[in-house]
Number of protein chains: 2
Amino acid sequence: MSSPKSTYHHGDLHRALIDAAADLLSERGAGGFSLREVARRAGVSHAAPAHHFGDATGLLTAVAAEGFQHLHTAMIESMEGVSDPVDRLAAIARAYVEMAIAHPGHSSLMGRHDLVSPDSQLLREWSTRAYESLHEAVAAVAEEVNPEVDIDNATRLCWAMVEGLLQVHDNMTAMAEASGADTPLPTIGDVAEVFSNLIVDGIRGSDSA
Amino acid sequence: MSSPKSTYHHGDLHRALIDAAADLLSERGAGGFSLREVARRAGVSHAAPAHHFGDATGLLTAVAAEGFQHLHTAMIESMEGVSDPVDRLAAIARAYVEMAIAHPGHSSLMGRHDLVSPDSQLLREWSTRAYESLHEAVAAVAEEVNPEVDIDNATRLCWAMVEGLLQVHDNMTAMAEASGADTPLPTIGDVAEVFSNLIVDGIRGSDSA
DNA sequence: ATGATAACTTGTCAATGTCAAGATATAATT
DNA sequence: AATTATATCTTGACATTGACAAGTTATCAT
């Protein structure tokens, strides 16, 4: 959060609004989002965000786009120094999940087509880049393990699994909190690794897709 | 949707409100939900839903619970007359996806912990039943294919995959609409089958979880 | 120094969810 | 059958919200 403004101009309101929005989303989920509350937290009047983002959808879309940017960065970094394709895929899965846990506000929006504008060039750019990183990693695995597999489908499935993993993680967290259960959950890194092993074994065993 | 009331009492307002809510959710997604709009569609005043559901969260929770009920029913029916565990798992995956497509309004809420009350007994009952059906099916597959696999983890992963599949289906649908793309998408049934094959192959190849 | 403009504030409005009092008609009791 | 209780709804009010438009501030360009 930027320091409080002492002049008319905030100084970096664009940044402050995205940060405030991500914080609010992290605390209350998308259902508790309020543009006025974001403005209050950024220390400006309720209509100030309109200049930077147009409407509420504009701000939410910018947060989602930044989420995909974080994801892309995390994916690239996770693969550095890792040469084995199977290990790279595992690293990506872990990176995705860790990004989501580190940025819950961003993550809560990235699949929300009812809240985010599909026309945003920034959103498309970053979501496409993230997807393509995954596509390349899946292709490298397939080449080594089973060149006959359909790479597009395998990538979609891989993406689906990780999205679903986040949903299940939310489910398990919410249920654990509601029930006070003391059942130890596997760590998300463990689950991510099981996921990527499943995917690799699935690709290996796949006759066709 | 029930027929319009001609007396003071609606006759089956509880049912009409759930139907109206599911329709509205299906049209606008959760982000476009409005309790007053639901009441308008049901032909009653804006405060009438409070008697049946308390607040907006109460209505949304009831819709989500009904979604899990639909899911459970679809799962059970899909397995009838199917004896092979692997085929049963494929049937479940398809049933889940088909239920979600048939009931988009319900489906849009089933993972939304920011909108739904975890304290609802009805929600827990139906979500637990659905989960247990899947658990049994996964256990049957594991017993045949690889008794060493951790059934709880495999079930969670299976659940995660299907949740993620729905997310990806939404993604692909939204992106196709936004870009006017003419790339043919695989049918969701095809993808569900690939999923279950992946899961089964993954379980088969799994050393441990 | 002056004018243009980006960046904000203030004010207004319609729509929203919630709450509480009031009204209706159905069920239960006498 | 008449009266009372109660489930079920309506009306009205209020605070909050997103959006829009006019007004204000201070920074930039000339």
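In what follows, every heavy atom counts, from backbone to side chain, and hydrogens, waters and symmetry copies are set aside. Convention: sequence-line order gives letters A, B, ...; per-chain numbering from 1.
No more than 12 heavy atoms of other residues, nucleotides or ligands shown are found within 6.0 angstrom of CD on B/Glu143.
Side-chain atoms of B/Arg124 come within 3.5 Å of backbone N or O of B/Pro118 as a donor-acceptor pair.
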(request) Take B/Phe68 and B/Leu71, measure what side-chain contact (heavy atoms from CB on, under 4.5 Å) needs, and give me the verdict at the end. (result) CA-CA 5 Å; B/Phe68 281 109; B/Leu71 174 58; 4.2 Å; yes
Strictly under 3.5 Å: I want the nitrogen or oxygen pairs between protein and nucleotides 3-5 of chain C, one per line.
none

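Here CZ of B/Arg94 is found 11.0 Å from CG of B/Leu89. Values are rounded to the nearest 0.5 Å. To the nearest 0.5 Å, atom CZ of residue B/Arg41 and atom CD of residue B/Glu27 are 4.0 Å apart. Put simply, CG on B/Leu109 and CG on B/Leu25 are 5.0 Å apart, with the number rounded to the nearest 0.5 Å.
Salt-bridge formation is detected for the pair B/Glu66/B/Arg15: a Lys NZ or Arg NE/NH1/NH2 atom is positioned less than 4.0 Å from an Asp or Glu carboxylate oxygen. One finds no salt bridge joining B/Glu132 and B/Arg129 here, because no Lys/Arg side-chain nitrogen approaches an Asp/Glu carboxylate oxygen to under 4.0 Å.
Counting to the nearest Å, the P atom of C/dA23 and the NE2 atom of B/His51 are 19 Å from each other.
When the side-chain nitrogen and oxygen atoms of B/His52 are compared with OP1 and OP2 of D/dC9, one or more of them lie within a distance under 4.0 Å.
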(request) Using a 4.0 Å heavy-atom cut-off, write out nucleotides 17-26 of chain D from 5' to 3' as B (base contacted by protein), S (sugar-phosphate only) or - (no contact). (result) BBBBB--BBS
